[in-house]
Amino acid sequence: MTYPVTFEITHVCRQSGARTGILHTPHGDVETPMFMPVGTQATVKFISPEELYEMGAGVVLANTYHLWLRPGEEVLAKAGGVQKFMNYKGPMLTDSGGFQVFSLADSRRITEEGVTFKNNLNGDRLFLSPEKSIHIQNKIGADIMMSFDECIPYPATREYAEKSMLRTLRWAERGKAANERPDEQAIFGIVQGGDNEDLRHYCAEKLVEMDFAGYAVGGTSVGEDKETMYRMVRWSQEKLPLDKPRYLMGVGAVNDLLEAVSLNIDMCDCVLPTRIARHGTLMTSQGRIAIKKAMYKEDFTPLDPECDCYTCRNYTKAYLNHLCRTNEGFGTRLMSIHNIRFLLHLMEEVRKAIKEDRYDDFKRETLARMKFDERGF
RNA sequence: GCGGCUAUGGUGAAGUUGGUUAACACACUGGAUUGUGGCUCCAGCACUCUAGGGUUCGAGUCCCUAUAGUCGCC
């Protein structure tokens with residue numbers, strides 16, 4: 001069937017097989033591969049939605065769990081949806097809340113019906129099911145909704161990974177049937193299965209039978225090593241149709257992004273750039289900069305001479321060093337802007353390289369040039 | 001000039017009746033950070049208690065002197 005969010009492949013790199021595309025959404029078209037900034041509480045911390053849009057952010061994430069607790073889905077519905085609420089002009093995507101159930105709620109109980117857990121703010125008993133997650137996401141109103149899944153830890157036994165994946169599949173079906181606004185909001189299914197080739201294949205095949213607007217790779221970035229993650233991504237996408245967008249959840253390190261593109265991933269999101277920025281770590285074309293270090297105290301050069309962001313165009317490392325040491329909010333803001341723009345720019349370069357059929361070269365040269373450590377930042 | 005009080009790391013300071021490894025905080029120096037915990041987390045950081053001397057098995061803790069601050073009186 002047709003969905004409100006569709007995907008169009010614009011070029012396949014003759015050197016690498018990586019692809020560029022356009023994601024068509026009710027809130028505009030965006031080019032892929034892309035990096036999506038995370039704005040959990042309907043804000044990418046310290047950056048205005050207008051600035052994000054001007055920076056070329058494309059899709060921005062919000063989070064079902066957090067918005068459900070505050071301000072509540074009804075407030076967002078009354079506001080006319082999250083985009084109107086926060087004044088973001090571009091497309092948005094909501095994570096289903098599944099991840100938060102497992103990352104920050106305590107004493108959870110998973111049953112076939114859904115998950116019972118404690119509100120991390122006040123201890124209230126809460127219940128989230130696939131239907132309820134989609135219902136809330138319908139109220140939030142983002143262009144793309146995510147299926148309610150279980151993100152299992154790594155490592156996990158094969159038995160648990162299988163049991164959980166089969167349940168996630170049933171939840172995907174239930175969530176899909178619960179969509180109250182199928183003409184305005186699309187759902188992406190999430191491939192799980194842990195570190196098991198057959199389970200990843202099976203999960204992907206079953207999701208494809210259900211026919212989603214796009215597919216995500218879940219259960220990664222949960223503490224596994226790089227090789228394991230890349231393997232899980234490869235297995236997950238091997239059974240997916242080429243003409244649907246593929247979203248790798250929770251990835252934002254430079255080497256991971258570049259590898260994901262090689263594996264035909266079209267979309268990635270991550271809190272990494274904004275989180276490390278708040279703690280004074282910056283990603284630059286020259287590598288990583290921990291701006292608090294004494295060596296930057298009198299460094300009156302820009303953070304990244306090759307960067308076109310607001311921060312790099314106007315301020316020096318010495319100033320950022322000072323703002324960071326004095327714990328000034330403006331510094332946090334300037335550093336957040338830089339790291340987000342850095343990744344958006346990186347993906348612009350990625351798309352350019354793919355279109356020029358030199359992505360493998362680009363990837364190799366970029367990794368060598370940026371000198372990040374094995375973590376990729 | 002006389003009298004009182006105080007002298008512990010970069011800073012503010014804990015240090016019981018003298019008893020092994022000098023509390024804590026901030027700062028500083030490292031490190032962490034991947035479907036969001038903004039102002040976070042972890043680690044390191046005074047071989048030494050203003051300087052000399054003395055008492056004692058043992059002194060940051062007691063005594064003397066010096067020095068420096070500080071308050072009060074001339």
Side-chain angles (χ1 to χ4, degrees), chain A residues 35-47 59-67 69 93-106 120-121 133 137 142 144-154 168 188-192 215-226 228-230 232-233 236 247-257 259-260 265 267-283 288 290 292-297 321 323-336 339-340 343 372-377:
Chain A
F35 173 77
M36 309 183 288
V38 180
T40 305
Q41 309 269 18
T43 172
V44 175
K45 298 182 196 302
F46 296 94
I47 309 179
V59 178
V60 170
L61 264 70
N63 186 276
T64 302
Y65 173 84
H66 290 282
L67 294 179
L69 301 191
L93 178 153
T94 39
D95 189 18
S96 66
F99 189 78
Q100 280 62 44
V101 167
F102 305 100
S103 68
L104 46 88
D106 22 70
N120 69 303
L121 298 173
S133 173
Q137 293 189 72
I144 300 169
M145 304 186 284
M146 297 307 296
S147 187
F148 187 66
D149 67 333
E150 179 186 358
C151 180
I152 63 170
Y154 177 87
T168 286
F188 279 21
I190 304 176
V191 182
Q192 291 288 352
Y215 300 91
V217 178
T220 57
S221 312
V222 289
E224 78 282 9
D225 56 85
K226 300 278 184 193
T228 303
M229 180 172 94
Y230 299 158
M232 293 196 290
V233 173
S236 297
Y247 163 28
L248 175 56
M249 309 183 79
V251 160
V254 171
N255 53 5
D256 294 343
L257 289 170
E259 187 60 29
I265 292 296
M267 310 154 69
C268 285
D269 79 285
C270 198
V271 304
L272 188 72
T274 41
R275 178 177 291 167
I276 65 177
R278 289 196 297 275
H279 299 156
T281 301
L282 290 315
M283 295 185 274
R288 171 187 195 143
K292 267 192 192 169
K293 293 196 178 197
M295 62 188 289
Y296 299 116
K297 205 161 186 173
N321 172 277
L323 292 180
C324 202
R325 283 168 184 267
T326 49
N327 205 18
E328 286 291 339
F330 186 52
T332 310
R333 179 172 141 63
L334 290 176
M335 295 189 290
S336 298
N339 270 0
I340 287 291
L343 287 186
F372 289 115
D373 63 20
E374 57 284 354
R375 291 168 304 176
F377 64 92

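Letters A, B, ... mirror the listed sequences (proteins, then strands); counts begin at 1.
- Residue contacts for A:Q192: at a heavy-atom cut-off of 4.0 Å it reaches a base atom on one of the strands shown.
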Please tabulate the protein-to-nucleotide N/O contacts below 3.5 Å involving nucleotides 40-43 of chain B, giving atom names and distances.
none

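- Rounded to an integer number of Å, the gap from A:L323 CG to B:C39 P is 17 Å.
- Here the side chain of A:L61 is nearest to one of B:G35, B:G37, B:U34, namely B:G35.
- In this structure the side chain of A:Y230 reaches within 4.5 angstrom of the side chain of A:N255, judged on heavy atoms.
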Check against side-chain contact (heavy atoms from CB on, under 4.5 Å), A:V44 and A:S336: CA-CA 9 Å; A:V44 175; A:S336 298; over 6 Å; no

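- Considering only side-chain N and O atoms, A:R375 lies nowhere under 4.0 angstrom from the phosphate OP1 or OP2 of B:U34.
- With hydrogens and angles left out, the side-chain atoms of A:T168 and A:Q192 include no donor and acceptor closer than 3.5 Å.
- For B:A43 and B:G69, the P atoms lie 41 Å apart once the distance is rounded to whole Å.
- A side-chain contact (heavy atoms from CB on, under 4.5 Å) with A:M146 is found for one member of A:N63, A:T94, A:L61, A:D95 and no other, namely A:D95.
- The shortest non-hydrogen separation linking A:C151 to A:V222 is SG-CG1, 3.8 Å.
- No contact: A:Y247 has no heavy atom under 4.0 Å from any strand.
- Between the C1' atom of B:G35 and the CD atom of A:E224 lies a distance of 12 Å, rounded to the nearest Å.
- Taking atom C1' in both B:C39 and B:C49, the straight-line distance is 35 Å, to the nearest Å.
- In this structure, A:T332 and A:V271 both approach RNA chain B, and ranking their closest nucleotides by distance from the 5' end singles out A:V271.
- Across all strands shown, A:L248 has no heavy atoms under 4.0 Å from either base or sugar-phosphate atoms.
- Atom P of B:A27 sits at a distance of 24 Å from the matching atom of B:A22, rounded to the whole Å.
- Counting to the nearest Å, the P atom of B:G37 and the OH atom of A:Y65 are 9 Å from each other.
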Dot-bracket encoding per residue of RNA chain B, Watson-Crick/G-U cut-off under 3.5 Å, | denoting interstrand: ((((((((.[[[..)...(....]]].(((((.......))))).....[[[[[..)....]]]]]))))))).

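- Using a 4.0 Å heavy-atom distance criterion, A:R333 is classed as making no nucleic acid contact.
- If you measure from atom CZ of A:F99 to atom C1' of B:G35, you get 6 Å, rounded to the nearest angstrom.
- Panel note: side chain A:K292, backbone A:R325; no donor-acceptor pair is recorded below 3.5 Å.
- Remark: the separation of the P atoms in B:G35 and B:G12 is 43 Å, to the nearest Å.
- Mapping A:K293 and A:G329 onto RNA chain B via the closest heavy atom, the residue that lands nearer the 5' end is A:K293.
- Between the C1' atom of B:U34 and the CZ atom of A:R288 lies a distance of 12 Å, rounded to the nearest Å.
- Taking the side chain of A:H66 as heavy atoms from C-beta on, and the options B:G37, B:U34, B:U29, the nearest nucleotide is B:G37.
- Residue contacts shown for A:G219 include a base, since a base heavy atom lies under 4.0 Å away.
- For A:R325, no side-chain nitrogen or oxygen approaches OP1 or OP2 of B:C39 to under 4.0 Å.
- Inter-residue side-chain proximity for A:L93 and A:M267 is flagged as met; some heavy-atom pair is nearer than 4.5 Å.
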Pair A:M249-A:D269, side-chain contact (heavy atoms from CB on, under 4.5 Å): steps then yes or no: CA-CA 6 Å; A:M249 309 183 79; A:D269 79 285; 4.2 Å; yes

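- Of the candidate nucleotides B:U34, B:U36, B:G35, B:U36 has the atom nearest to the side chain of A:K45.
- Between the side chain of A:N63 and the base of B:G35 there is no donor-acceptor pair of N/O atoms closer than 3.5 Å.
- With hydrogens and angles ignored, a donor-acceptor pair closer than 3.5 Å exists between the side chain of A:T281 and the base of B:U33.
- Within the 4.0 angstrom heavy-atom criterion, base atoms lie near A:T40.
- Between B:C62 and B:C71, the distance separating the two P atoms is 24 Å to the nearest Å.
- Using a 4.0 Å heavy-atom criterion, one finds that A:K226 contacts the bases of the nucleic acid, with or without backbone contacts as well.
- Open room surrounds NZ on A:K297; 12 or fewer heavy atoms of other groups in view lie less than 6.0 Å from it.
- When the P atom is compared between B:C74 and B:U11, the two are found 36 Å apart, to the nearest whole Å.
- Judged by the 6.0 Å distance and 45° axis criteria, A:R333 is not positioned over the aromatic ring of A:F330.
- Checking side-chain atoms of A:N321 against main-chain N and O of A:K293 turns up a donor-acceptor pair under 3.5 Å.
- Each of A:L272, A:I276, A:N339 was checked for a side-chain contact (heavy atoms from CB on, under 4.5 Å) with A:T281, and the lone residue meeting it is A:I276.
- Checking B:A32, B:U33, B:U36 against every side-chain atom of A:D373, the shortest atom distance belongs to B:A32.
- Taking atom CD1 on A:I276 and atom P on B:G31, their separation rounds to 13 Å, with Å as the unit.
- The gap from the C1' atom of B:A59 to that of B:G52 amounts to 16 Å, rounded to the nearest Å.
- Rounded to an integer number of Å, the gap from A:L93 CG to B:U36 C1' is 15 Å.
- When heavy atoms are screened at a 4.0 angstrom cut-off, A:A277 is found touching no nucleic acid atom at all.
- Distance A:N321 CG to B:C28 C1': 12 Å, rounded to the nearest Å.
- Applying the 90° cutoff around 0 to the glycosidic angle, B:G10 is assigned anti.
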Derivation of the side-chain contact (heavy atoms from CB on, under 4.5 Å) call for A:M229 and A:T220: CA-CA 6 Å; A:M229 180 172 94; A:T220 57; 3.9 Å; yes

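- On the C1' atoms, B:U8 is 16 Å away from B:A25, given to the nearest whole Å.
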